[in-house]
Amino acid sequence: MGAKLGSSGALGGRRRDDDLVEAHEINVTPFIDVMLVLLIIFMVVAPLATVDLGVDLPASTAEPQPRPDKPVFVTVKPDLSVAVGEDVIARDALTMTLDGATHGNRDERIFLRADKAVSYGDLMEVMNLLRNAGYLKIALVGLDGRS
């Protein structure tokens, strides 16, 4: 809150009772500074909040497609275990877990990624599990191999 000195009145611009008149204006400069600092913090922290499992992905030269806000990742690890997001699950619980992750929307795209050590047959088994569960929109995830 600020104070405004009055310039009218007797005794050289002072009021008789020596009170300062309050200014009824909000000083928004500190508020803007705080908001800019918070914006910078969120811009730095947001990319660090992604799902990240240690998987050695093969490279791809295809043009990348835009990524949705909250993608659903199904990961096949080198030991052939399956994970939805960061949670390792049993293969027979895949349908129930995906229904929970997609809120029952079977038209949502599922991002399937697998380690280089996973054979093509094992990857196809997981794709068949996804197809049998009703998830037909499957995107394969790989590293960008364009030079």
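If you read the sequence from its start, that first residue is 1, and numbering goes on from there.
- Considering all non-hydrogen atoms of both residues, Val118 and Pro78 come closest at CG2-CA, 4.2 Å.
- When all heavy atoms of Asp107 and Lys137 are compared, the pair lying nearest together is O-CD, 3.1 Å.
- Applying the side-chain hydrogen bond (donor to acceptor under 3.5 Å, both in side chains) test to Thr102 and every residue at least two apart in sequence or in another chain returns Tyr135.
- With hydrophobic clusters built from ILVMFWY side chains whose heavy atoms lie under 4.5 angstrom apart, Val76 shares a cluster with Leu98.
- Between the CG atom in Leu94 and the CD1 atom in Ile89 there is a gap of 4.5 Å [rounded to 0.5 Å].
- Asp87 CG to Thr97 OG1: the interatomic distance, rounded to the nearest 0.5 Å, is 8.5 Å.
- Residues Phe111 and Val74 do not share a hydrophobic cluster, clusters being chains of Ile/Leu/Val/Met/Phe/Trp/Tyr side chains in contact below 4.5 Å.
- Remark: Asp99 pairs with Arg106 by the salt bridge (charged side-chain N to carboxylate O under 4.0 Å, His left out) rule, at least two apart or across chains.
- Grouping the Ile, Leu, Val, Met, Phe, Trp and Tyr side chains by contacts below 4.5 angstrom, directly or via other members, places Leu112 with Met124.
- Note on Leu140 and Tyr120: same hydrophobic cluster, where clusters join Ile, Leu, Val, Met, Phe, Trp and Tyr whose side-chain heavy atoms are under 4.5 Å apart, directly or indirectly.
- Every residue meeting the salt bridge (charged side-chain N to carboxylate O under 4.0 Å, His left out) condition with Arg91, not counting sequence neighbours, appears here in chain and number order: Glu125.
- In terms of hydrophobic clustering, with Ile, Leu, Val, Met, Phe, Trp and Tyr side chains grouped at heavy-atom distances under 4.5 Å, Ile138 and Val141 are assigned to different clusters.
- Atom-to-atom distance recorded for Leu80:CG and Asp115:CG is 10.0 Å, nearest 0.5 angstrom.
- With side-chain heavy atoms closer than 4.5 Å counting as contact, directly or through intermediates, the hydrophobic cluster containing Val45 also holds Val37, Ile41.
- Under the side-chain hydrogen bond (donor to acceptor under 3.5 Å, both in side chains) criterion, Ser81 pairs with Asp79, not counting sequence neighbours.
- By the side chain to side chain contact (heavy atoms under 4.5 Å, CB included) test, Asn128 pairs with Arg131, sequence neighbours left out.
- In Met96, the CE atom is not crowded: 12 or fewer heavy atoms of neighbouring residues, nucleotides or ligands sit closer than 6.0 Å.
- Between Glu108 and Val72, some side-chain heavy-atom pair lies under the 4.5 Å cut-off.
- In plain terms, the two heavy atoms of Ala101 and Val84 that are nearest each other are CB-CG1, 4.5 Å.
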